[in-house]
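Structure first, then comments.
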Amino acid sequence: MSFSCRSLTSCGLFICLFGMAGITHAAPFEIKVHDELIANYQESAYELETNLFQAPASQSLKTDVFQMRLEYGYGITEKSEIGANIYLSNYNGVSYVNGGKISYMYIPTHDEVGLWHYGVKNEINYIKDVGGNETTFYEFTPILALQLQDWRFTVNPSIDVTLNKTSSATFSPSAKVAYGITRTVDVGVEYYADNLPNKSLYNFTQQPHTTYLVMDAKYDKSTFNFGVGKGVTANSDNWVIKLITSINFD
């Protein structure tokens, strides 16, 4: 069993993800580059992710918006897991349930020795955002990784397809480049472009794009990820700081 904590506010232990949102962009409930981590066969895994952002002035909110994602995963085979998530938020002194998702992930290999690594994740999401807009969509996320000695390149070229009355598709890629400076410490860069499902695709300057400088560390059965991010377009998050801690209780 593993536990991943991304927030001082929610766990009382760690500051995890803090960001000031751009003018027209709300931080997503999940900010993560998927790689080889899945629940072990017939074992459970738990993950907790949070973020805090400042909503656009046009929404006339009195407070910043705190969001949380709770995930339960179970290894149904040695190469796959199923998961269930719930999305929560708090703003203006009121707590909300903003939806959730169910997911299936398939990862055929779990090692860092081979050259190529791949997998796929399928999700069905329902989200009610801060503005009250409701969206149901299917997300297809290929997981592609290349290990070149101390370098690791990972890409998630996700595609979202809305399941509302009017169907549309958007492209939401994320990527990570990491370099192993020791056996237990990596440094690298993460990149996210979050195109929430809309009726049409926007040009680059209208899309939220964020890059992070990150460090990953392993200690015993625990892993740590620390990153500092900065939006590169007007509709991106401003500065973002994240700390992800995963602890294995087995």
Side-chain angles (χ1 to χ4, degrees), residues 2-8 13-19 27-28 30-40 45 47-51 69 71 73 79 81 105-121 141-159 171-195 204 207-233 236-248:
S2 63
F3 176 72
S4 176
C5 171
R6 302 189 185 184
S7 174
L8 171 66
L13 294 174
F14 303 103
I15 295 176
C16 148
L17 179 63
F18 176 77
E30 183 174 30
I31 304 175
K32 179 180 179 180
V33 176
H34 295 286
D35 205 324
E36 294 184 335
L37 182 62
I38 62 172
N40 294 327
E47 185 168 271
L48 172 61
E49 174 178 357
T50 68
N51 65 66
R69 179 179 65 87
E71 178 177 354
K79 300 179 179 180
E81 74 163 29
M105 182 181 289
Y106 172 73
I107 304 291
T109 61
H110 302 275
D111 65 84
E112 298 181 356
V113 178
L115 180 65
W116 294 100
H117 306 262
Y118 64 93
V120 65
K121 187 172 186 180
T141 303
I143 301 169
L144 306 172
L146 174 64
Q147 185 78 35
L148 295 175
Q149 295 183 346
D150 295 329
W151 290 91
R152 188 174 183 87
F153 305 84
T154 307
V155 179
N156 293 172
S158 300
I159 298 175
F171 182 49
S172 302
S174 60
K176 182 174 182 176
V177 178
Y179 176 76
I181 57 177
T182 70
R183 290 186 176 182
T184 58
V185 178
D186 298 342
V187 294
V189 176
E190 294 178 355
Y191 159 81
Y192 300 89
D194 181 29
N195 300 328
F204 181 87
Q207 298 170 350
H209 295 262
T210 308
T211 58
Y212 292 80
L213 293 177
V214 297
M215 181 182 70
D216 297 284
K218 299 178 182 179
Y219 178 75
D220 195 16
K221 295 183 179 181
S222 300
T223 61
F224 304 87
N225 171 270
F226 176 77
V228 178
K230 181 70 172 67
V232 297
T233 61
S236 305
D237 293 336
N238 190 9
W239 287 99
V240 183
I241 300 174
K242 67 171 183 172
L243 172 61
I244 305 169
T245 302
S246 299
I247 303 174
N248 193 321

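Numbering of residues begins at 1 and proceeds along the displayed sequence. FYI, side chains are in, hydrogens and waters are out, and symmetry mates aren't considered; it's all heavy atoms of this structure.
- The line from OG1 of T154 to CG of D35 is 4.0 Å long, rounded to the nearest 0.5 Å.
- For A39 against A45, the heavy-atom pair with the smallest separation is CB-CB, 3.9 Å.
- Taking the ring centroids of Y212 and Y192, they lie under the 6.0 Å cut-off.
- In this structure L144 satisfies the side chain to side chain contact (heavy atoms under 4.5 Å, CB included) test together with Y118, sequence neighbours excluded.
- F153 meets the ring pair (Phe, Tyr, Trp, His ring centres under 6.0 Å) test with no other residue; sequence neighbours excluded.
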Q.
What verdict does the salt bridge (charged side-chain N to carboxylate O under 4.0 Å, His left out) test give for D186 and K218, after you've listed the backbone C-alpha separation in whole Å, the side-chain angles of each residue and the deciding distance to 0.1 Å?
A. CA-CA 9 Å; D186 298 342; K218 299 178 182 179; over 6 Å; no
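- Partners of E190 under the salt bridge (Lys or Arg N to Asp or Glu O under 4.0 Å) rule, at least two apart in sequence or in another chain, are K176, K242.
- In this structure, the separation between CZ on F224 and CG on D216 is 11.5 Å, given to the nearest 0.5 Å.
- The side-chain hydrogen bond (donor to acceptor under 3.5 Å, both in side chains) test applied to S174 returns no partner, not counting sequence neighbours.
- Distance alone, capped at 3.5 Å, places no donor-acceptor pair between the E71 side chain and the E47 backbone.
- We find the CG-NZ distance between L37 and K32 to be 6.0 Å, quoted to the nearest 0.5 Å.
- Looking at heavy atoms from C-beta onward, V214 lies out of side-chain contact with V189 at the 4.5 angstrom threshold.
- Note that NE2 of H34 is 4.0 Å distant from NZ of K121, once rounded to the nearest 0.5 Å.
- Side chain of N156 to backbone of I143: no donor-acceptor contact under 3.5 angstrom is found.
- I38 and M105 make their closest contact through CG2-SD, 3.0 Å (heavy atoms, listed as atom of the first residue, atom of the second, distance).
- Legend: residues meeting side-chain hydrogen bond (donor to acceptor under 3.5 Å, both in side chains) with T141, ordered by chain and number and at least two apart, are E139, S158.
- Residues meeting the side chain to side chain contact (heavy atoms under 4.5 Å, CB included) test with I181, sequence neighbours left out: Y179, V185, V187.
- One side chain, E36 or H117, offers a donor N or O that lies under 3.5 Å from an acceptor on the other.
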